[in-house]
Amino acid sequence: LFGGRGQYNADVKIFEIGDSPDPESDGTLIATAEEKSYACDRNKTFRLLFDKPALLKADKWYAAHVMIVSPSGASTDAGSSGQAQVAGQDKVVFKFKNSKKANNGTDVGSGQIPELLY
């Protein structure tokens with residue numbers, strides 16, 4: 001996650017959306033990391049991990065939701081130049097789309113999640 005201005009607490013959730021990204025359902029909650037503390041310098045990121053790995057299946061859609069819960073109203077850095085599709089070194093392909101869960105101007109192009117660890 002991005003930080004850049006001190007200490008943060010964040011909630012991270014993964015929802016399974018289903019076989020199709022449209023229309024986006026509310027989804028089923030499959031993984032959480034609640035009230036995780038982190039800090040990082042400006043223009044740096046922090047690898048926030050789930051307590052247990054989340055099993056993501058091929059050909060399914062998921063929504064990752066990040067909420068900075070404290071300090072209240074905190075500003076963070078954000079990434080830019082996001083991509084709609086990325087292939088890992090092992091040829092696993094990840095596709096991204098804007099989510100209805102986004103409520104702060106983040107989208108595929110810019111946001112709080114700079115990488116996925118798999």
Side-chain angles (χ1 to χ4, degrees):
L1 297 178
F2 282 93
R5 294 173 177 83
Q7 184 78 25
Y8 301 91
N9 288 324
D11 288 345
V12 181
K13 298 177 181 177
I14 302 289
F15 295 89
E16 183 175 320
I17 302 302
D19 296 331
S20 173
D22 295 310
E24 182 181 323
S25 70
D26 289 337
T28 303
L29 180 64
I30 63 168
T32 63
E34 295 181 355
E35 289 288 329
K36 295 286 187 173
S37 292
Y38 74 101
C40 55
D41 294 331
R42 271 184 94 70
N43 301 315
K44 302 291 182 191
T45 60
F46 179 84
R47 286 185 169 178
L48 191 145
L49 304 176
F50 292 105
D51 295 329
K52 294 186 252 179
L55 177 62
L56 305 183
K57 301 171 189 169
D59 300 318
K60 296 282 186 186
W61 283 87
Y62 298 87
H65 182 264
V66 175
M67 173 76 67
I68 307 298
V69 293
S70 67
S72 181
S75 292
T76 65
D77 294 335
S80 60
S81 302
Q83 300 173 47
Q85 182 170 306
V86 177
Q89 291 180 351
D90 57 359
K91 306 221 180 348
V92 171
V93 175
F94 294 92
K95 296 179 181 179
F96 304 94
K97 71 172 221 64
N98 296 339
S99 173
K100 71 177 189 178
K101 294 186 184 309
N103 62 3
N104 64 351
T106 60
D107 57 22
V108 170
S110 65
Q112 295 299 311
I113 306 170
E115 66 181 336
L116 298 175
L117 305 175
Y118 70 102

Rounded to the nearest 0.5 Å, how far apart are [atom1] of [X] and [atom2] of [Y]?
X   : Y   : atom1 : atom2 : answer
L56 : I14 : CG    : CD1   : 6.5 Å
F96 : Q83 : CZ    : CD    : 8.5 Å
K13 : M67 : NZ    : CE    : 8.0 Å

Locate the shortest heavy-atom distance separating [X] from [Y]; write the atom from each residue and the value.
X    : Y    : value
V69  : A10  : CG2-N, 4.2 Å
F15  : H65  : CE1-CB, 4.1 Å
R5   : S75  : CD-O, 3.6 Å
G109 : D107 : N-OD1, 2.9 Å
Y62  : L55  : OH-O, 4.3 Å

Exam field: side chain Y118 to backbone V92, donor-acceptor pair closer than 3.5 Å: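 Side chain of Y118 to backbone of V92: no pair is present.
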Checking Q112 side chain against D77 main chain: does a donor-acceptor pair fall under 3.5 Å?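 Side chain of Q112 to backbone of D77, a donor-acceptor pair under 3.5 Å: yes, one is there.
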Decide yes or no for L1 and T76: does some side-chain heavy atom of the first lie under 4.5 Å from some side-chain heavy atom of the second?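 The answer is no, as the side chains (C-beta and beyond) never meet within the 4.5 Å cut-off.
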Name each donor-acceptor pair under 3.5 Å that joins a side chain in residues 32-45 to protein atoms two or more places apart or in another chain, with its distance.
{"residue": "K36", "atom": "NZ", "partner": "D51", "partner atom": "OD1", "Å": "2.5"}
{"residue": "S37", "atom": "OG", "partner": "N9", "partner atom": "OD1", "Å": "2.5"}
{"residue": "Y38", "atom": "OH", "partner": "F2", "partner atom": "O", "Å": "2.8"}

Residues 16-24 side chain polar contacts: donor-acceptor under 3.5 Å, at least two apart:
{"residue": "D19", "atom": "OD1", "partner": "K60", "partner atom": "NZ", "Å": "2.8"}
{"residue": "S20", "atom": "OG", "partner": "D22", "partner atom": "N", "Å": "3.3"}
{"residue": "S20", "atom": "OG", "partner": "D22", "partner atom": "O", "Å": "3.0"}
{"residue": "E24", "atom": "OE1", "partner": "S99", "partner atom": "OG", "Å": "3.4"}
{"residue": "E24", "atom": "OE1", "partner": "K100", "partner atom": "N", "Å": "3.2"}
{"residue": "E24", "atom": "OE2", "partner": "S99", "partner atom": "OG", "Å": "2.9"}

Do L116 and L49 belong to the same hydrophobic cluster, where Ile, Leu, Val, Met, Phe, Trp and Tyr are linked whenever their side-chain heavy atoms lie under 4.5 Å apart, directly or via other members?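 No, no single cluster joins them.
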Do W61 and V86 land in one hydrophobic cluster if side-chain heavy atoms of ILVMFWY residues count as linked below 4.5 Å?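 Hydrophobic grouping puts W61 apart from V86.
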For D90, does the CG atom sit with more than 12 other heavy atoms under 6.0 Å from it, leaving out its own atoms?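 For D90, atom CG is crowded (more than 12 foreign heavy atoms under 6.0 Å).
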NZ (K95) with more than 12 external heavy atoms under 6.0 Å: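 12 or below, so no.
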